[in-house]
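Residue numbers start from 1 in every chain, and the chains themselves are labelled A, B, ... in the order their sequence lines are given, proteins ahead of strands.
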Amino acid sequence: MGFGIILVKSEVVSWFRIQEMFRLESFYMYGVIGSAIVTGMISMLLIKRFNVKAITGEKISVAPKTFNKGQIIGGLIFGCGWALTGACPGPLFAQVGAGFFVMFIALLSAVAGTWAYGRIRNRLPH
Amino acid sequence: MLELIKHPWPWYVAGPLIGLTVPVLLITGNKTFGISSNLRHICAACFPSGISFFTYDWKKETWNLVFIAGVLLGGAVAATWLATGRPVAIDPRLARELAGYGVSDHGTLLPGELFSFRSLLTLRGLLLIVGGGFLVGFGTRYAGGCTSGHAIMGLSNLQWPSLVATCCFMIGGFITANLLLPIILRL
C-alpha cells in the first residue's frame with residue numbers, strides 16, 4: 001500500500017510526467033528512476049556483503065536474468081505502450097485505485113496482451 | 001507535516017522510497033520485486049486455457065497479487081486523503097504542444113480529454129487506452145519484466161539483460177512519444 005501511495009504522490013503515475021520524460025523536458029522521472037536504482041543497488045550490495053538473511057531465516061537469493069531476444073523486441077513494444085498509456089504495470093493499478101476507472105479498461109487490455117503473448121509465445125523469436 | 005505530505009513529492013524522496021521496495025521485499029519474504037508478473041498470474045488464475053505458459057501454481061505467487069492490491073488501495077488513499085486538488089504542474093513546452101491537439105486539461109494526473117469513458121469511444125482514446133494497454137501487457141511479458149522487474153530490480157542486481165531491456169523500453173518510448181503519439185493525437 002505504501003508503494004501505491006508513493007507512486008501517486010510522486011506523480012510518476014501521471015501521463016504528463018511520462019510525456020515530459022520522453023521529450024527530455026523534465027529531469028523529474030530520471031531523478032526518480034535513477035535514485036530508485038541507486039538505492040536498490042546499494043541495498044543489494046549491503047545484503048550480499050553482510051550476507052543478510054530474510055526474516056524467515058532463509059538465505060536471500062535472486063534468480064539471475066538470462067538474456068534472450070525478447071528483452072529487445074518485447075522491450076521496444078513495452079516502451080511504445082508505456083508512452084501511449086503513460087503507465088507501466090504498477091501505475092496502472094495505482095491509477096485505477098486513484099479513481100481513474102477508465103484505466104481499468106487499459107489494465108484489462110494489458111492482461112489480454114499478456115494472454116496473447118502466452119498464446120503465441122512458441123512462434124515468437126526468443 | 002500533513003501539509004508537506006500532500007504536496008507532490010520531490011524525486012529525491014520518491015526515488016529512494018521506490019528503491020527501498022527491493023530490500024524490503026527481499027528481507028521480509030525473500031521475494032523479488034516485479035509487478036508485471038501479476039498480469040501473468042491473473043491470466044493463470046482466470047483464463048489459463050490450457051496454455052503451458054499459464055499452467056503453473058499461481059497460488060504460490062499470491063503475495064504479489066496482495067502487493068498490487070495494496071498498490072491499488074494506496075492509490076485510493078493518496079488520491080482521497082493526501083491530495084491538494086491543485087492541477088499538475090507541467091512543462092510549458094508540453095502544455096503548448098498538447099494544446100495544439102485540443103488537450104488542455106491538466107487538472108488531474110491524466111488528461112481528461114484522452115483518458116475518460118467518453119474518449120474510449122473516440123479513435124485516439126481507444127488507441128491510447130486499449131492499444132497502449134495491450135502493448136504494455138504483451139511487451140512486458142515478452143521482455144520478461146517491466147520498469148520494476150528490469151529497470152529497478154534487475155539493474156540493482158547488476159543484470160546486464162535488464163540493462164538491455166531498460167534501454168529498449170526507453171528507445172521504444174522515445175520513438176512513440178515523439179513520432180507516433182503526435183499522429184495519434186491528431187486523429
Which atoms of [X] approach chain A - backbone, side chain, both or neither, heavy atom under 4.5 Å:
X        : value
B/Pro111 : both
B/Ala83  : backbone
B/Thr32  : side chain
B/Asn178 : side chain
B/Val22  : side chain
B/Val130 : both
B/Thr108 : both
B/Ser36  : both
B/Leu120 : side chain
B/Leu26  : both
B/His106 : both

**Message:** Set out, in order, the CA-CA distance, both residues' side-chain angles and the distance that settles side-chain contact (heavy atoms from CB on, under 4.5 Å) for A/Met103 and B/Leu110, then state yes or no.
**Reply:** CA-CA 10 Å; A/Met103 295 314 274; B/Leu110 310 179; 3.8 Å; yes
Which region of [X], side chain (C-beta onward) or backbone (N, CA, C, O), has a non-hydrogen atom less than 4.5 Å from a non-hydrogen atom of chain B, or is it both or neither?
X        : result
A/Phe100 : side chain
A/Lys59  : backbone
A/Leu7   : side chain
A/Ile18  : neither
A/Ile72  : both
A/Arg119 : both
A/Ser61  : both
A/Phe101 : both
A/Val52  : side chain

Among the options [options], pick out the one with the most heavy-atom pairs lying under 4.5 Å from chain A.
options                               : result
B/Gly144, B/Ala95, B/Ser148, B/Ala151 : B/Ala151
B/Leu17, B/Leu155, B/Leu73, B/Ile68   : B/Ile68
B/Cys167, B/Gly154, B/Ala177, B/Ser52 : B/Ala177
B/Ile184, B/Asn157, B/Leu114          : B/Asn157

Joint cluster assignment, [X] & [Y], ILVMFWY side-chain distance < 4.5 Å:
X        : Y        : value
B/Trp160 : A/Val38  : no
B/Leu180 : B/Phe169 : yes
B/Trp9   : A/Tyr30  : yes
B/Ile42  : B/Tyr142 : yes
B/Tyr12  : A/Ile42  : yes

**Message:** Tell me whether the rings of A/Trp115 and B/Phe54 are parallel (<30°), tilted (30 to 60°) or perpendicular (>60°).
**Reply:** parallel
**Asked** Can you find a side-chain donor-acceptor pair between B/Arg124 and B/Ser119 that sits under 3.5 Å?
**Response** no
Does [X] reach the side chain of [Y], with side-chain heavy atoms less than 4.5 Å apart?
X       : Y       : answer
B/Ile35 : B/Phe67 : yes
A/Tyr28 : A/Met21 : no
A/Arg17 : B/Val88 : yes
B/Pro92 : A/Glu25 : no
A/Trp15 : B/Leu98 : yes

Heavy-atom pairs under 4.5 Å with chain B - which of [options] has more of them than the others?
options                             : answer
A/Val111, A/Val12, A/Leu46          : A/Val111
A/Ile5, A/Val8, A/Val13             : A/Ile5
A/Leu84, A/Thr114, A/Leu92, A/Thr85 : A/Thr114
A/Ala83, A/Cys80, A/Ser10           : A/Cys80
A/Thr56, A/Thr39, A/Ile73, A/Leu107 : A/Thr39
A/Ala112, A/Gly81, A/Ala36, A/Ser43 : A/Ala36

**Prompt:** After noting the C-alpha distance and the side-chain angles of B/Arg40 and B/Phe53, does the key distance pass the side-chain contact (heavy atoms from CB on, under 4.5 Å) rule?
**Reply:** CA-CA 9 Å; B/Arg40 183 182 178 187; B/Phe53 191 63; 3.6 Å; yes
**Prompt:** More than 12 non-hydrogen atoms from neighbouring residues, nucleotides or ligands closer than 6.0 Å to NZ on A/Lys53, yes or no?
**Reply:**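 Buried by this count: over 12 neighbours within 6.0 Å.
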**Asked** Hey, is CZ on A/Phe104 packed in by over 12 heavy atoms from elsewhere, all under 6.0 Å?
**Response** no
